[in-house]
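A short worksheet on the structure shown next.
As the structure lists them, so they are numbered: ligands from 1, and atoms in each ligand from 1.
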Amino acid sequence: MSLPFAYHAGQLACDGRPLAELARAHGTPLYVYSAAALRENYRRLAAAFAPLDPLICFAVKSNANVSLLRRLRELGAGFDIVSGGELHCALAAGSEPDRIVFAGVGKTDAELAAGLEARVGWFNVESADELARLNALAAARGGRARVAFRLNPDVEPDTHHHIRTGGGRSKFGLPLAEARALAARWGDFPALDLRGVHIHIGSQVADAGATVRALQVTLDFIQAVPGLDTLDIGGGFPVPYRATDDYPPIEAFAAPIVELLRPWAGRLHFHLEPGRYLVCTAGALVTTVQAVKQMAGGRIVIVDTGMHHLLRPALYDAYHEIVAVAEPAPGALAPADVAGPICESSDFLGHDRQLPALRPGDQLAVLNAGAYGYSMASNYNAQPRPAEVLVEAGEVRLIRQRETWADLTRLDAPAV
Ligand code: LLP
């Protein structure tokens, strides 16, 4: 993993650019990304799976900023999208439509039609009803669409229960028996070509064993159904968020998958759908201290961001490293909870962290915030969402403006 945020001359910097300087220029809260880390993560993932020569489809849900998508496209990425909105983002980033995989458990007719209109490469279909609707829409247009079945392999990985998707009782994918039955009556779907299978059993998958088991189920399916030439392995590649996280490096995670699939490389094309692995370490959320309080539970540091801009700690109890932007003196650390301004008692970014003495105006950085940070942000408590900047080759570019108070009422009808 590339770790672009490090102290230089007493100041936390992103690829050499001090975060305090970026915060002065752009204000806080501020998402800061490293283009070098993005590229390094992409290169490392591609190298780990190189024997399979996969199409790497970046999972747009993890970060939909068009400038980041554009850089990934330049590296050779396609895109895994799950909505018409993500299709719009991928096309805005200049993606070739045939390198887009349209996944998602609840695509509407309008979204399927937009995918057909754009001629996306693949529809990863998750239900018989979606299949029938897609067939009808494609037939009405006089066109054809290429389909992969998202299989539910009934394999549970070891990860947080909110981000497991492979189990038989989850809402995701087609049960195997139903997928077989649909394939057997393919004549009912004359506007569709069934060419692939897709799995995605969860996110932060702790070891590749579960993925290998799910892939074995998938390979059995491929052998039983004629005409399948593409296998989409999904995403879920793990990233450590703290020193004690015991996740394998991507090379070790990939090795048993590559070993299993290498004999198939002549017959199958492969897709991957990484989100977190590519962007997580590339981003940090910079925030300014507003107040420090001594409460019965200890020191609480209130900052200008929280669950509305980084939901993961509140939603999943997720751990994100929080560090002071000005490098603390050795031994100057004491415990603190870090909380946001939102009127919810779950609005904490971290509990019991080691931080220096802090005053209003001091800055903190929440690390590993590049994935599922901005993309899950909201306007709760009528808080504008942060700006985003990209550090690239020594330059700092604003890649998304900070929302304003006026933006918050822009779509409201004039008061009625
Ligand atoms: N493909 C499919 C079909 C997915 O559902 C997902 C993630 C991915 C790929 C990308 O997974 P990744 O490589 O990023 O693990 N909000 C949660 C994660 C939810 C993931 C949902 N699906 C979090 O913040 O941890």
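- Under a 4.0 Å criterion applied to the non-hydrogen atoms of E273, ligand 1 contributes the atoms 1 (N), 2 (C), 3 (C), 8 (C), 9 (C), 10 (C), 13 (O).
- Those atoms of ligand 1 with a heavy atom of G236 less than 4.0 angstrom away are 11 (O), 12 (P), 13 (O), 15 (O).
- Residue contacts with ligand 1 leave out G234, since none of its heavy atoms falls under 4.0 Å from the ligand.
- Ring geometry for Y31 against Y374 counts as perpendicular: the plane angle is over 60°, on a 0 to 90° scale with 30° as the lower cut.
- Using modelled atom types and a 3.5 Å distance limit, the side chains of N41 and T281 yield a donor-acceptor pair.
- For T404, the side chain to side chain contact (heavy atoms under 4.5 Å, CB included) test picks out A406, D407, with sequence neighbours left out.
- Considering backbone and side-chain N/O of H198, none are found under 3.5 Å from N/O of ligand 1.
- Of all the heavy atoms of H200, the ones lying under 4.0 Å from any atom of ligand 1 belong exclusively to the side chain.
- Checked by distance only, ligand 1 and G275 come closer than 3.5 Å through their nitrogen or oxygen atoms.
- Not close to ligand 1: S62, with no non-hydrogen atom less than 4.0 angstrom away.
- Of all atoms in ligand 1, numbered sequentially from 1 with element shown, those under 4.0 Å from a heavy atom of R150 are 3 (C).
- Which parts of ligand 1 touch G235 is read off a 4.0 Å heavy-atom cut-off, strictly below it: atoms 9 (C), 13 (O).
- Under 4.0 angstrom from ligand 1, the non-hydrogen atoms of R276 come from both its backbone and its side chain.
- Taking the ring axis of F102 as reference, the NZ or CZ atom of K107 stays within 45° of it and closer than 6.0 Å to the ring centre.
- Checking Y277, F172, Y316 against atom 16 (N) of ligand 1, the nearest heavy atom belongs to Y316.
- Near P274, meaning under 4.0 Å from one of its heavy atoms, ligand 1 places the atoms 13 (O).
- Donor-acceptor pairing under 3.5 Å is lacking for the side chains of R150 and H200.
- The part of D80 lying near ligand 1 is the side chain, judged by heavy-atom distances below 4.0 Å.
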Query raised in the report: So F348 and M307, side-chain contact (heavy atoms from CB on, under 4.5 Å) or not? Walk me through it.
Result: CA-CA 7 Å; F348 278 83; M307 66 187 294; over 6 Å; no
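- Across every non-hydrogen atom of P384 and W405, the tightest pair is CG-CD1, 3.6 Å.
- By the 3.5 Å distance cut-off applied to N or O atoms, G202 is not counted among the residues near ligand 1.
- Between the side chains of N63 and S375, no donor-acceptor pair of N or O atoms lies under 3.5 Å.
- A cation-pi contact, defined as under 6.0 Å to the ring centre and within 45° of the axis, links R353 to Y319.
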